[in-house]
Amino acid sequence: MTRFVRSWLGVAATTATLVFGGGQAFAQKELVFGLQCDRTGPTATVGVNLCPGYHDYIGLVNSKGGVEGFKIKVLEIDNEYKVPPAMEAHERFKKEGAVLEGLYGTPQTAALNKKLEEDKILGTSPGFGTASAADGKRFPYTFPIAASYWSQAGAAVAFAKERLGGNLKGKKIAYLFYDNPAGKEALPILEDLAKAEGFEMRTFAVPAPGVEMGAQILDITGRFKPDFVITHLFGRAPSVSMKELKGKGFPLSKVVAFVWGSAEADIIAAGGMGVAEGYNTIQFAGVGKDFPVLKDIEAMYKAQGKTPPKEMDSTVYYNRGVLIAALHVEAVRNAIKAKNGAAPTSEEVKNGMESIKGFTLGGLVPPMEITPADHEGGGWVQIWTVKGGKLTKTKDWFQGYRSVIQKHLDAESKKS
Amino acid sequence: MFHRESGFFKTTYAADAALYPLPIAKWTVAALALLFVVIIPLTVHEYYLSILNLIFIAIVGALGLNILVGYTGQISIGHAAFMSVGAYTAANLAVKLGLPFWITLPAGGLMAAAIGVIVGMPSLRIKGLYLAIATLAGQLIIEWTINRVPAISGGAQASIEVDRPSLFGFSFNTQGSLYFFLLFFAVLAIIATLNLARSRIGRAFVAVRDQDIAAEIIGINIYRYKLLAFAISSFYAGVCGVLYTYYFGIANYEQFQLIVSIDYLAMIIIGGLGSVLGSIFGAVFVTLLPIVIRIFMEDVGSLFFTTAEMANVISGLRLGVFGGLIIFFLIVEPEGLNRLWRNIRSYFRVWPFSY
């Protein structure tokens, strides 16, 4: 009876599949990658440029014959920065046999951490999720693969120290942050460093949606009068902060922004590159078009008789998409090589990801080393500055106060 | 047609208020039970179960909101905040005290009910849009509190990880087992709401909605019933939040922001205010429609576009189609999908004779 019902429903399911699609990986030499994205939600400004970068790099790899002979099929699902669709997307990827997936969004990453571990599919969360996810022992299948907010905080203080003449004793630093968990995450690191380096730190929270911060900026420029300002804002907030600081006469060369406050679009929204002259930003992927891989992508489009997409001009986010795709491909490449050319399972891809080392893609990717213990890859960042109408590199790949961050990671792992 | 209604006469009030209006309804329920308890879990792929799981959770939340908005007529846009109250109560109890889900789940609901009564107090003096703004304030205050008080939120990340629910040593840790876990609570919520609606309390709610002064004159204590509606509705919301917490394995305040309140309002308005079936239709519609549109367009779109182009097209079109369908359904039947279903049913009831 059950068998009868099962086969009958099997027929129905197959029909449904034919009608509704849900393409299976038919080709023998094909691997499926899952990609979550936000093209229509509150962070759409990031997604619309980041995800095309991901697709273009995969397209480039496929046009050159794939990775070790395997073609890659990307399945993208727009989760609109909502949590339930992210779970649905993960289950869909699992059904389609994805060997890895790119996560998108901090709450989404938090909600999927456990599921990834149970299903043994690795998920990457560059710039999202918690800093403690860098600990590969605690979150074995979550890979930040980019500098966490902790690492960014360390880098920001290191940069401020360099700018203020190598000594922070008695100096004043303001931390202007978006009042949500991600914004507050850097606080323990900053507080620690304030004690160790002897500077005075004060925090200024900007409530959601972050478009009104006149009072905070007045407080900073009028009362606190800091030597340096570190900002950690999202969405429209970064451009507002630039405009307000500039309006109150604070030199933008004494401001450094975390990774989500540093795209071309933010600077243009603040009144253009000319207005934001001197503004410093932290980046976890290379910026600009001066990379061989981007030239290859342009060449690929030209060979197909198309013009390269306009998203390529938003190099900050586009390049991050390329970085995510490149690390995914490298992980799979390592896994295939370790298996002598056979199709890897998702667990083997995880091992492949954990053996990434010395892969820089012509400078677009930091010299990171991902290990089973360190899924962040070292927390490398660059500082870029608005100079003469464009973003220019001020400081090459570096790690800020790595020992302090490691100390916090160790303390965090003992807690669980 | 085969759903014969003639020949059954109701001679008592009890019979009129019975859960099963006709004997055949028992068979319908039995068939549905067989479908959901046996056939679906045995035959359907885990992916589809995961979608059903999301629908089950949404049903609990939508039912709760419908009790308040649909039955009692008190507008609330703070529903998501009550979910977060339930979620954090349960998560804290589960992690700090190690309590099992059958204690944390009602505790989360009760805590949400208590907070709901406080947020609902303005309803004693104001109605309509004014009350909507008052509950909006409640939503923002609760969000702020959870974000700012580490004792509740468990630290800067404002998220608390919980273990999977387990019963007698059996852990609900796959979509398949969570399906039964969530189905149980969804069914419980449906039965409870059906019973509530046909009881004295439910009828008092409806009286308050239709005309509160008249309700007071016929002897209904409207203060008590308004607050009771807030309490019951928030209890459902709290339970919904706890279910989300156990389903995702984490309580995270960003899952329960204002936009989620709006989503749930959309569910009950599309589904039909003041009906249990409407809540279910709404939850199914809002959860399923984006997925169906996407899967459909993935197939059709692949004929015209490359993968990279399609991703952009799908996202934009999906929002457009989703919004368009909502407007379409509400123009066709302003009282929601439930009314549409009843119209179809009453058409076939007398088929093939139209009168």
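Residue numbering restarts at 1 for every chain, and letters A, B, ... go by the order of the sequence lines.
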Quiz item: According to the salt bridge (Lys or Arg N to Asp or Glu O under 4.0 Å) rule, which pairs have a member within residues 41-52 of chain A, sequence neighbours left out?
Solution: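 Qualifying pairs: none.
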Practice problem: Sorted by first residue and then second, give each salt bridge (Lys or Arg N to Asp or Glu O under 4.0 Å) pair with at least one member in residues 240-258 of chain B; sequence neighbours left out. | Solution: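 Those involving residues 240-258 of chain B do not exist here.
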Between [X] and chain B, with a heavy-atom cut-off of 4.5 Å, which part of the residue counts as in contact: side chain, backbone, both or neither?
X	result
A:D179	both
A:E80	side chain
A:E117	neither
A:E118	side chain

Nearest-0.5 Å distance, [atom1] of residue [X] to [atom2] of residue [Y]:
X	Y	atom1	atom2	answer
A:K94	B:S50	NZ	OG	7.5 Å
A:I77	B:I295	CD1	CD1	8.0 Å
A:D119	B:E46	CG	CD	6.5 Å
B:Y47	A:R92	OH	CZ	5.0 Å
A:F139	B:E161	CZ	CD	4.5 Å

Quiz item: For the side chain of A:K184 and the backbone of B:N147, is there at least one donor-acceptor N/O pair under 3.5 Å apart?
Solution: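 Checking the backbone N and O of B:N147 against the side chain of A:K184, a donor-acceptor pair under 3.5 Å is found.
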Measuring heavy-atom distances to chain A, does [X] have an atom under 4.5 Å in its side chain, in its backbone, in both, or in neither?
X	value
B:L140	neither
B:V95	neither
B:Y244	side chain
B:N173	both
B:Q175	both
B:D263	side chain

Quick one, [X] and [Y] - any side-chain contact, counting heavy atoms below 4.5 Å?
X	Y	answer
A:K114	B:D163	yes
A:M87	B:F248	yes
B:Q255	A:K82	no
A:N180	B:Y253	yes

Where [X] and [Y] come nearest, the two heavy atoms and their spacing:
X	Y	value
A:A110	B:N252	CB-ND2, 3.5 Å
B:S315	A:D78	OG-OD2, 3.0 Å
A:E88	B:L54	CB-CD1, 4.1 Å
A:K95	B:Y48	NZ-OH, 3.7 Å

Exercise. Mark yes when over 12 heavy atoms from residues, nucleotides or ligands other than A:K137 sit less than 6.0 Å from its NZ; otherwise mark no.
Key: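 Result for NZ/A:K137: open.
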Practice problem: Against chain A, work out which of B:T174, B:T245, B:V162 has the most heavy-atom pairs shorter than 4.5 Å and name it. | Solution: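 If we count pairs closer than 4.5 Å to chain A, B:V162 comes out on top.
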Quiz item: Who wins among A:P42, A:G47, A:G105, A:P107 for the most heavy-atom pairs under 4.5 Å with chain B?
Solution: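 Option with the top pair count is A:P107.
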